[in-house]
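Indexing begins at 1, ligand by ligand and atom by atom, following the structure's order. Each residue takes its place number in the sequence, starting with 1.
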Amino acid sequence: MKVNLVYLGDANDVLRTLPDESVDLIVTSPPYADKRKHSYGGVHPDKYVGWFLPISSELFRVLKPNGSFVLNIKEGSNGQRQTYVLKLILGMQDQGWLWIEEYIWRKTTCMPGKWQNRFRDGWERCLHFTKNNKFKMYQEEVMLPIGDWAKKRMSNLSKKDKSRTTSATKSGFGRNLLKWKGRARVYPDNVLTFAPSCSNRKHSAVFPKELPSWFIKLFTKEGDVVLDPFIGSGTTAIAAKELGRKYIGIEIYSPYFKLALANVKSVKKVQRDSYD
Ligand SMILES: C[S@@+](CC[C@H](N)C(=O)[O-])C[C@H]1O[C@@H](n2cnc3c(N)ncnc32)[C@H](O)[C@@H]1O
């Protein structure tokens, strides 16, 4: 299979030309329903699931059995919240996808705004799907510094803290704080805080490079193949290239295709250190 390239075309057609079980990770942000009609179309919310399911069926075919699919998406509101994302999840489960997790991308610096019946959207979904319960996941690659709270808390551990204790709330959760004493890094939670990208004004819906980078580190190793079937300005390919992964992108709109090509070309070499 050819890698490290961006195709100009409809994802629904181009995906059919890719071999079975050839991709390690799919990270993408498709057009959301009814959004950005003037730049690259916008599928009606009622037709969204019907539009997307043939594409997710092809994604299922090209993904390796131990691979992952991360879908960044957010439904809009028209008086009340649209339900097409919820219906899409159910439709994808019918196709055989396992819905493993919902990560929340918390957008830190959104513009302020005023709505009649709600507040500004400050987050988007990153839905994690797989084909199997056993999939590649390298949790150590996304660990975080333990933070200052640990210095004080860990210096004064009670007897209870030093053994596995079950939560007093009867939630079933257990913890053993002693396990984390002396550690410099801890596992993150499923809320990812990244500022929306403001630097790429030539595309109206760019996600920050940190978003695909985080999932690329979590679900792939160097040399693995990362696919984005709605590549836009090329962010996923840039992240993959910088992290030493192979990439495949698809973009239907010629100006964005050219933009992606130029952006990816400008990434000269693997810059691992900038992510560590
Ligand atoms: C939300 S944007 C992706 C932005 C991208 N994540 C980035 O950071 O630049 C979705 C992209 O999908 C493209 N697109 C829409 N329909 C498509 C299709 N059927 N096949 C391939 N690309 C499509 C749009 O032109 C748009 O650039």
Side-chain angles (χ1 to χ4, degrees), residues 5-18 23 25-45 47-62 69-76 82 84-85 88 103 105 107 109-110 121 123-128 192 194-216 226-243 245 247-267:
L5 80 174
V6 179
Y7 291 92
L8 174 62
D10 188 327
N12 205 2
D13 302 327
V14 176
L15 286 170
R16 288 167 208 279
T17 69
L18 303 184
V23 168
L25 172 66
I26 302 157
V27 187
T28 200
S29 178
Y32 302 175
D34 262 355
K35 289 265 174 175
R36 304 182 203 278
K37 277 186 183 153
H38 303 296
S39 47
Y40 51 76
V43 184
H44 189 276
K47 301 207 166 127
Y48 198 89
V49 175
W51 171 73
F52 198 84
L53 284 181
I55 294 173
S56 56
S57 166
E58 282 303 301
L59 295 175
F60 193 92
R61 182 185 63 74
V62 303
F69 173 23
V70 177
L71 178 61
N72 167 223
I73 196 163
K74 173 78 180 172
E75 60 277 62
Q82 294 163 340
Y84 69 90
V85 176
L88 181 61
Y103 294 87
W105 167 26
K107 302 195 282 185
T109 57
C110 299
D121 277 341
W123 61 278
E124 295 193 6
R125 303 170 189 276
C126 292
L127 304 170
H128 176 211
L192 314 173
F194 302 123
S197 185
C198 303
S199 58
N200 196 335
R201 298 279 177 209
K202 291 179 183 158
H203 192 292
S204 56
V206 171
F207 54 30
K209 191 172 64 182
E210 290 79 4
L211 191 76
S213 295
W214 195 84
F215 289 110
I216 289 169
V226 179
L227 165 69
D228 186 339
F230 303 96
I231 194 101
S233 65
T235 314
T236 303
I238 293 166
K241 191 175 173 185
E242 288 186 347
L243 290 166
R245 275 64 166 176
Y247 62 87
I248 299 171
I250 307 172
E251 172 56 48
I252 200 168
Y253 186 49
S254 178
Y256 293 155
F257 163 74
K258 288 180 189 156
L259 178 65
L261 285 187
N263 285 342
V264 178
K265 199 175 165 194
S266 71
V267 179

Under 3.5 Å between any N/O of Glu251 and any N/O of ligand 1: does that happen in this structure?
yes
Atoms in ligand 1 flagged as close to Gly9, the criterion being non-hydrogen separation under 4.0 Å:
20 (N), 21 (C)
Considering the heavy atoms of Pro229, write down every atom of ligand 1 situated less than 4.0 Å from one of them.
21 (C), 22 (N)
So which bit of Phe207 gets within less than 4.0 Å of ligand 1, heavy atoms only: side chain, backbone, both or neither?
both
Out of curiosity, Thr17 OG1 to Glu58 CD, how far, rounded to the nearest 0.5 Å?
9.0 Å
Here the pair of heavy atoms bringing Asn263 nearest to Ser233 is ND2-O, 2.9 Å
Has Lys74 got its NZ or CZ under 6.0 Å from the middle of the six-membered ring of Trp123, at an angle within 45 degrees of the ring axis?
yes
Check if Pro212 has a non-hydrogen atom at a distance under 4.0 Å from any atom of ligand 1.
no
Does Leu8 reach the side chain of Glu251, with side-chain heavy atoms less than 4.5 Å apart?
no
Quick one: does Asp10 get a heavy atom under 4.0 Å from ligand 1?
yes
Atom indices of ligand 1, in the order listed, that fall short of 4.0 Å to a heavy atom of Ser233
7 (C), 8 (O), 9 (O)
Contact between Thr28 and ligand 1, counting heavy atoms under 4.0 Å?
no
Taking the side chain as everything from C-beta on, heavy atoms only, tell me whether Ser29 gets closer than 4.5 Å to Phe230.
no
Using heavy atoms and a 4.0 Å limit, tell me yes or no: is Ala260 in contact with ligand 1?
no
Within ligand 1, which atoms have a heavy atom of Tyr253 less than 4.0 Å away?
25 (O)
I need the Asn12 CG to Ser57 OG distance, nearest 0.5 Å.
9.0 Å
Using heavy-atom distances only, which candidate in Ile252, Leu211, Thr235 approaches atom 14 (N) of ligand 1 most closely?
Ile252
Run the numbers for me: atoms of ligand 1, each under 4.0 Å from some heavy atom of Ser29, listed by number.
1 (C), 2 (S), 3 (C), 10 (C)
Check: Tyr7/Asp13 side-chain N/O donor and acceptor closer than 3.5 Å
no
Between Asn12 and ligand 1, which residue portion shows a heavy-atom distance shorter than 4.0 Å: side chain, backbone, both, or neither?
neither
Walk me through whether Trp105 and Phe207 qualify under ring-ring contact (aromatic ring centres under 6.0 Å, His included).
CA-CA 10 Å; Trp105 167 26; Phe207 54 30; 7.1 Å; no
What I'd like to find out is whether the side chain of Leu227 reaches to under 4.5 Å of the side chain of Val62, using heavy atoms alone.
yes
Using a strict cut-off of 4.0 Å, indicate which atoms of ligand 1 neighbour a heavy atom of Tyr256.
25 (O), 27 (O)
Scan side-chain atoms only and decide if Tyr103 and Glu124 contain a donor-acceptor pair under the 3.5 Å cut-off.
no
Quick note on ligand 1: atoms under 4.0 Å from a heavy atom of Val206 include exactly 7 (C), 8 (O), 9 (O)
Report yes if Ala11 has an N/O atom closer than 3.5 Å to an N/O atom of ligand 1; otherwise report no.
yes
